[in-house]
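For clarity, every value in this text was computed on a predicted model and none was experimentally measured. Values reported hereafter were calculated over all heavy atoms of this structure, with side chains retained and with hydrogens, waters and symmetry mates removed.
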Amino acid sequence: NAMIAGCAHNGLGEESLKVFQQMQHASVKPNNVTFVSILHASAGLGVPEEGKRIHAYIIESRLELDVFVRNALVDMYVRCGRIEQARQVFEKMPEQTVISWTSMIVGYTRNVNGEEALKLFWQMHWDCAEPDSVTFISVLK
């Protein structure tokens, strides 16, 4: 996990994916930390196909309900330009965090859909979620 996270957070996404593959070949079971890191690496590479493969593995591993994994999935799909898939994951979350909301708002602003970003911001407000400074900056774009 440390190797995957270290590579992913230092912009070495391909190396992170290689270590993840080695982990699988060694029959080491990934956990939520592994998936958060490898999704970050996949998002950094902008490879939605790899992210979808990892998403399937997450479901198979029964970690799809973990809030950190779900937030990482939303972020990965947003950063890969797959806003529809991000929204599907977001909508299926039992409870959204400020990170979930902000990731979706960022996704809509990046995809030049300010109207949907504003709708989501107001929905966040109505759901009593407390926006942070990143949320405000994102919605102002």
Side-chain angles (χ1 to χ4, degrees), residues 1-26 28-141:
N1 281 344
M3 290 291 296
I4 292 169
C7 290
H9 292 286
N10 285 296
L12 302 171
E14 289 183 24
E15 283 300 314
S16 193
L17 290 172
K18 286 179 188 174
V19 174
F20 181 63
Q21 289 172 347
Q22 291 172 347
M23 183 179 183
Q24 289 176 296
H25 292 304
V28 176
K29 187 175 178 181
N31 61 19
N32 60 341
V33 174
T34 313
F35 286 123
V36 168
S37 297
I38 202 65
L39 287 166
H40 181 76
S42 180
L45 292 170
V47 184
E49 295 75 23
E50 185 65 27
K52 286 176 97 172
R53 187 183 72 74
I54 295 166
H55 189 174
Y57 192 24
I58 289 167
I59 292 168
E60 179 184 311
S61 300
R62 300 182 188 264
L63 287 170
E64 73 272 13
L65 294 179
D66 182 273
V67 69
F68 299 108
V69 172
R70 288 247 179 186
N71 284 337
L73 280 165
V74 169
D75 179 65
M76 182 274 300
Y77 281 125
V78 162
R79 290 174 58 197
C80 289
R82 302 295 173 98
I83 195 73
E84 296 82 19
Q85 283 99 341
R87 187 65 183 251
Q88 288 173 359
V89 173
F90 176 82
E91 292 294 338
K92 290 179 182 176
M93 293 178 84
E95 184 177 336
Q96 292 92 359
T97 67
V98 68
I99 294 168
S100 316
W101 288 101
T102 302
S103 293
M104 286 306 307
I105 290 168
V106 166
Y108 283 117
T109 58
R110 281 187 183 167
N111 287 288
V112 196
N113 193 341
E115 185 177 326
E116 194 61 34
L118 280 172
K119 282 182 189 176
L120 207 56
F121 176 76
W122 286 112
Q123 184 180 345
M124 178 184 186
H125 175 72
W126 294 319
D127 285 356
C128 299
E130 189 69 35
D132 62 12
S133 59
V134 177
T135 312
F136 283 115
I137 291 168
S138 299
V139 82
L140 290 173
K141 287 184 176 183

Evaluate the side-chain contact (heavy atoms from CB on, under 4.5 Å) criterion for residues Glu115 and Asn113: first the C-alpha distance (whole Å), next the side-chain angles of each, then the deciding distance (0.1 Å), finally the verdict. CA-CA 5 Å; Glu115 185 177 326; Asn113 193 341; 4.1 Å; yes
Is Ser16 reaching over with its side chain to a backbone N or O of Ile4, donor-acceptor style, under 3.5 angstrom? yes
For the residue pair Thr109 and Ala117, what are the closest heavy atoms and their distance? CG2-CB, 3.7 Å
Apply salt bridge (charged side-chain N to carboxylate O under 4.0 Å, His left out) to Glu50 and list each qualifying residue two or more places apart in sequence or on a separate chain. Arg53
Any side-chain heavy atom of Ile54 within less than 4.5 Å of one from Leu17? yes
Any chance you could lay out the side-chain contact (heavy atoms from CB on, under 4.5 Å) test for Gln24 and Tyr57, step after step, and finish with the verdict? CA-CA 11 Å; Gln24 289 176 296; Tyr57 192 24; 3.1 Å; yes
First locate atom CZ of Arg110, then atom OG of Ser103, and finally report the distance between them rounded to the nearest 0.5 Å. 9.0 Å
Assess the pair Phe121 and Trp101: is the distance between their ring centroids shorter than 6.0 Å? no
Are there over 12 heavy-atom neighbours, none belonging to Met3, within less than 6.0 Å of that residue's CE? no
Does a sphere of radius 6.0 Å around CD in Gln123 hold more than 12 heavy atoms from other residues, nucleotides or ligands, not counting ones at 6.0 Å or beyond? yes
Under the side chain to side chain donor-acceptor pair (under 3.5 Å) test, which residues partner Asn71, sequence neighbours left out? Thr97, Ser100
If you count heavy atoms of other groups shown closer than 6.0 angstrom to CD1 of Ile99, is the number above 12? no
Tell me every residue that passes salt bridge (charged side-chain N to carboxylate O under 4.0 Å, His left out) with Glu15, counting only those two or more places apart in sequence or in another chain. Lys18
What pairs with Tyr108 under ring-ring contact (aromatic ring centres under 6.0 Å, His included), at least two apart in sequence or on another chain? none
Quick one: closest heavy-atom pair of Thr135 and Ile105, and the distance? CG2-CD1, 3.9 Å
Taking NZ, NE, NH1 and NH2 as the nitrogens, is one of them in Glu95 or Arg70 under 4.0 Å from a carboxylate oxygen of the other? no
Do the ring planes of His40 and His9 sit parallel (below 30°), tilted (30 to 60°) or perpendicular (above 60°)? parallel
Expected output: side-chain Asp132 to main-chain Val134 donor-acceptor under 3.5 Å: yes
Spatial distance of atom CE (Met23) from atom CD (Gln21) [nearest 0.5 Å]: 12.5 Å
Tell me whether Phe68 at atom CZ has more than 12 heavy atoms from other residues, nucleotides or ligands lying less than 6.0 Å away. no
So which heavy atom on Val106 is nearest to which on Ser138, and how close? CG2-OG, 3.1 Å
With sequence neighbours excluded, tell me which residues meet salt bridge (charged side-chain N to carboxylate O under 4.0 Å, His left out) with Arg87. Glu91, Glu116
Taking only residues two or more places apart in sequence, or in another chain, which ones meet Glu130 in a salt bridge (charged side-chain N to carboxylate O under 4.0 Å, His left out)? none
Which atom of Ser42 lies closest to which atom of Gly51, heavy atoms considered: OG-N, 3.3 Å
Between Pro131 and Val98 the two heavy atoms that sit nearest each other are CA-CG2, 4.1 Å
Validation row: Asp66, Phe35 side chains within 4.5 angstrom (heavy atoms): no
Return the minimal non-hydrogen interatomic distance between Ala43 and Cys80, and the atom names on each side. CA-SG, 4.1 Å
